[in-house]
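Just below is one structure, and these are the notes that go with it.
In this chain, residues are counted from 1 in sequence order. Just so it is clear, the values below take in all heavy atoms, side chains as well, and ignore hydrogens, waters and symmetry mates.
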Amino acid sequence: MEDLVIRDADVVDGTGADSYRADVVIDDGRIVSIVKEAAAAGCLRPKAVRELDAEGLVLSPGFIDMHAHSDLALLRDPDHSAKAAQGVTLEVLGQDGLSYAPVDGPTLDGVRRAVAGWNGPGDDVDFDWRSVGEYLDRLDHGFGGRGIAVNAAYLVPQGTVRALVVGWEDRPATARERDRMRRLVAEGLEQGAVGMSSGLTYTPGMYAGNAELTELCRVVARYGGYYCPHHRSYGAGALEAYAEMVELTREAGCPLHLAHATMNFGVNEGRAPDLLALLDEALGAGADISLDTYPYTPGCTTLAALLPSWASEGGPREVLRRLADDATAERIRHDLEVTGADGCHGVPVDWGTIEISGVTDPALGGFVGRTVRASAERLGEDPWTTARRLLIDDGLGPTILQHVGHEENVRAIMRHRVHTGGSDGLLTGAKPHPRAYGTFPRYLGHYTRELGILTLEECVAHLTGRPAARLRLPDRGLVREGYRADLVLFDPRTVAAGSTYDSPRTLPTGIPHVLVDGRFVVEDGRRTDVLAGRAVRRSPV
């Protein structure tokens, strides 16, 4: 007999087509049969070792988080309910051009410092890998060989590759260095990466010119991957930055996936239609473009990311040295508050919009949950003095919520036909962004059921079938016979995000069952001890 039959589910299959009622049979990790309208037809119903009554529940493919920062979390936390409880069955790691492979010892040290605000310092992780393939193998054999909570795919991080080959300096790469970077990207793709990411407002990825990026994207295209840039501006130069990425990938012949695509800051209020018109024109001309967004208005990054690029040259140690020098720190302040630093997307910083969400030193916990301006007023000093001291004392560790988004832009972009869901969720810090724990149920509950921005079938397609197609996964992302049984059962009447800005780690409601590879990782609303996740490697061209 088969392992499991899910009876009388309302199947939303991930294609965008109308839902239907069916019994779904699972065996050996795959969907082996779908019997539509089984009860009404009075036919001989399928049998299995176990039966689950899904009356009143929607059965959909597992959700795919197209922009995740769980690169270390999956290795340190076997529970990982932040994602499993949302119905996420696959996360795409290696985002924003900075992650932990490929590296050597010095590069790993620099990356760990640079993204300590994203993932913590990593002191509790054994970094026993150096290549992309070794990192993916480590995911496969996490926790004593049992695996990880959910599946994970990986993007080769262009900034890490540049750090490994060129270093953290702001200079053009030599011909020999460009050749080595191309080889490293090719090796990462050969070892299973699904594409390449960039963080073009983060060092050292931002120091790459477009010719260098185009060369690397040609390698990505040759292996059937895609390019996922955090582009050069989400503020004053946002539209130009989007256009730059569209043109760059057109020249390279490479598919483009725009990371956390939005139009932020006051200069972009109401300008989502301009972005969508740009994308529609490129799509109409034959471009292969997709994007992801999170269903919230504030952004989330590190406090150090706001600094001007010249102040970040040389890596974290040099940043701290410059911050400690009064004259140099004054130059940084002027760029931030007057000119509009490129790290702050060309917009003069408003310290009243910068909320500290996490620190690595518990002694600094009193700053968490307050804006920099509010903390400065409490201390009787100017905001830059407060921000500077926090950066120095916490070793560039503070994370921030940046309250610069616009609801009408969020809604307009999520309606677009190439849109997918991505949490961009940082799991560290005392008060992380609620999107880390709430993105997918918020799409289903708030934006679909309550506001009607998307139909249920459309929303599920945005979160499942469409991202699976971008990742070129031949057997995931749909409820279809022969496909992997990565599945979610949720109540469309009650599904909702539990996380809030005050209680960001509250788990969602209305998602009683989640299966990865046919095994329950969430059952009756509780996380099981199952570790069915594995590395999902790029499908050969």
Requested in this report: Nearest 0.5 Å please: distance from the NE2 atom of H260 over to the OG1 atom of T301.
Outcome: 8.0 Å
Requested in this report: Can you measure from CG (L164) to OG1 (T107) and round to the nearest 0.5 angstrom?
Outcome: 4.5 Å
Report task. Give a yes or no answer on whether the side chain of Q158 reaches the backbone of S198 with a donor-acceptor pair at less than 3.5 Å. Result -> no
Query raised in the report: Does D170 use its side chain to pair, donor to acceptor, with the backbone of E313 at less than 3.5 Å?
Result: no
Query raised in the report: If you take all heavy atoms of W129 and D126, which pair is closest and at what distance?
Result: CZ3-O, 3.5 Å
Query raised in the report: Would D179 and R182 satisfy salt bridge (charged side-chain N to carboxylate O under 4.0 Å, His left out), going step by step from the backbone distance to the final call?
Result: CA-CA 5 Å; D179 184 59; R182 287 195 298 269; 3.3 Å; yes
Query - Geometric cation-pi criterion, R435 with Y296: 6.0 Å, 45° - result: no
Report task. Supply the atom-to-atom distance L463 CG to I64 CD1, rounded to the nearest 0.5 angstrom. Result -> 9.5 Å
Query - Salt bridge present between E407 and R411 (N-O < 4.0 angstrom) - result: yes
Query raised in the report: Nearest heavy-atom pair of A272 and I413: which atoms, and what distance?
Result: CB-CG1, 4.0 Å
Query raised in the report: Does E212 come within less than 4.0 Å of R178, counting only side-chain N to carboxylate O?
Result: no
Requested in this report: Evaluate the criterion side chain to side chain contact (heavy atoms under 4.5 Å, CB included) for residue pair L427 and S70; output intermediate values, then yes/no.
Outcome: CA-CA 7 Å; L427 302 174; S70 302; 3.8 Å; yes
Query raised in the report: Can any side-chain N or O of D71 pair as donor or acceptor with the backbone N or O of G94 at less than 3.5 Å?
Result: yes
Query raised in the report: Out of curiosity, L487 CG to F63 CZ, how far, rounded to the nearest 0.5 Å?
Result: 10.5 Å
**Report entry** Residues D109, R113; criterion salt bridge (charged side-chain N to carboxylate O under 4.0 Å, His left out); working and verdict
**Finding:** CA-CA 6 Å; D109 289 344; R113 282 177 169 268; over 6 Å; no
Report task. Using a 4.5 Å cut-off on heavy atoms from C-beta on, say whether the side chain of P441 contacts that of I511. Result -> yes
Query raised in the report: Looking at Y135, is R138 sitting on its ring face, NZ or CZ under 6.0 Å from the six-membered ring centre and within 45 degrees of the normal?
Result: no
Query raised in the report: Would you say the side chain of Y447 lies within less than 4.5 Å of the side chain of R442, judging by non-hydrogen atoms?
Result: yes
Requested in this report: Pick out which of M263, E269, M414 makes a side chain to side chain contact (heavy atoms under 4.5 Å, CB included) with N409.
Outcome: M263
Query raised in the report: Within a strict 4.5 Å, meaning less than it, do heavy atoms of the N264 and V347 side chains meet?
Result: no
Query raised in the report: Counting heavy atoms not belonging to E281, are there more than 12 under 6.0 Å from its CD?
Result: no
Query raised in the report: R476 versus V536: any side-chain heavy-atom pair under 4.5 Å?
Result: yes
Query raised in the report: Between H345 and Q402, does any side-chain donor sit less than 3.5 Å from a side-chain acceptor?
Result: no
**Report entry** Any donor-acceptor N/O pair, T399 side chain to G358 backbone, under 3.5 Å
**Finding:** yes
**Report entry** R472 (side chain) donor-acceptor with S539 (main chain) under 3.5 angstrom
**Finding:** yes
Query - H513 vs V522 side-chain heavy atoms within contact, under 4.5 Å - result: no
Report task. Report the C-alpha distance between D140 and R537 in whole Å, list the side-chain angles of each, state the deciding distance to 0.1 Å, and finish with yes or no for salt bridge (charged side-chain N to carboxylate O under 4.0 Å, His left out). Result -> CA-CA 11 Å; D140 278 341; R537 292 165 170 81; 2.9 Å; yes
Query raised in the report: Hey, is the main chain of T439 close enough, under 3.5 Å, to the side chain of Q86 for a donor-acceptor pair?
Result: yes
Query raised in the report: So does D280 pair up with R417, basic N to acidic O under 4.0 Å?
Result: yes
Query raised in the report: Just by modelled atom types, is the A17 backbone N or O under 3.5 Å from a matching donor or acceptor in the E457 side chain?
Result: no
Query raised in the report: Taking C-beta and beyond as the side chain, do T302 and L396 meet within less than 4.5 Å on heavy atoms?
Result: no
Query - R146 (side chain) donor-acceptor with H141 (main chain) under 3.5 angstrom - result: no
Query raised in the report: Can you list the steps and then say if Y227 with L216 is a side chain to side chain contact (heavy atoms under 4.5 Å, CB included)?
Result: CA-CA 9 Å; Y227 181 44; L216 298 180; over 6 Å; no
Query raised in the report: Side chain of D79, backbone of S81: donor and acceptor closer than 3.5 Å?
Result: yes
Report task. Tell me whether the centres of the aromatic rings in H462 and Y443 are closer together than 6.0 Å. Result -> no
Report task. Considering only NZ, NE, NH1 and NH2 on the basic side and carboxylate oxygens on the acidic side, decide whether D104 and R130 come within less than 4.0 Å. Result -> no
Report task. Please tell me if the side chains of V194 and Y154 come closer than 4.5 Å, counting only heavy atoms from C-beta onward. Result -> no
Requested in this report: Indicate whether the side chain of E190 and that of Y223 have a donor and an acceptor atom separated by less than 3.5 Å.
Outcome: yes
Requested in this report: Show your working on side chain to side chain contact (heavy atoms under 4.5 Å, CB included) between E169 and Y207 and close with a plain yes or no.
Outcome: CA-CA 8 Å; E169 294 76 34; Y207 300 139; over 6 Å; no
Query raised in the report: In terms of ring plane angle, is the pair W118 and Y202 parallel, tilted or perpendicular, where the classes change at 30° and 60°?
Result: perpendicular
Query raised in the report: Hey, which of T464, D486, V12, I34 is the one that makes side chain to side chain contact (heavy atoms under 4.5 Å, CB included) with V479?
Result: I34
Query raised in the report: Any idea which heavy atoms bring T89 and V514 closest together, and the distance?
Result: CG2-CG1, 3.9 Å
Query raised in the report: If you measure from CD1 on I31 to CD on E481, what distance do you get to the nearest 0.5 Å?
Result: 8.5 Å
Query raised in the report: Is any side-chain N of the basic residue among E177 and R171 closer than 4.0 Å to the acidic one's carboxylate O?
Result: yes
Requested in this report: Carefully, step by step, assess L189 and V220 under the rule side chain to side chain contact (heavy atoms under 4.5 Å, CB included).
Outcome: CA-CA 7 Å; L189 289 156; V220 175; 4.2 Å; yes
Query raised in the report: Which atom pair, heavy atoms only, marks the closest approach of A173 to M181?
Result: CB-CE, 3.6 Å
Query raised in the report: Would you say the ring centroid of Y234 lies under 6.0 angstrom from that of H230?
Result: yes
Report task. Assess the side chains of T420 and D292: does a donor N or O sit below 3.5 Å from an acceptor N or O? Result -> no
Requested in this report: Considering only NZ, NE, NH1 and NH2 on the basic side and carboxylate oxygens on the acidic side, decide whether D475 and R480 come within less than 4.0 Å.
Outcome: no
Query - Side-chain donor or acceptor of R449 paired with backbone N/O of P492 under 3.5 Å - result: yes
Query raised in the report: N210 and R232: side-chain donor and acceptor closer than 3.5 Å?
Result: yes
**Report entry** H67 vs V92 side-chain heavy atoms within contact, under 4.5 Å
**Finding:** no
Requested in this report: Measure from NZ or CZ of R470 to the centre of the six-membered ring of Y226, then state whether that distance is under 6.0 Å and the direction lies within 45° of the axis.
Outcome: yes
Query - Distance-only side-chain donor-acceptor flag, T297 / H406, under 3.5 Å - result: no
Query - Reported CG-to-SG distance for the pair L401 and C300, which is rounded to 0.5 angstrom - result: 5.5 Å
Requested in this report: Take D65 and K83 through the test salt bridge (charged side-chain N to carboxylate O under 4.0 Å, His left out) and record every step on the way to the result.
Outcome: CA-CA 9 Å; D65 189 341; K83 296 301 178 68; 2.9 Å; yes
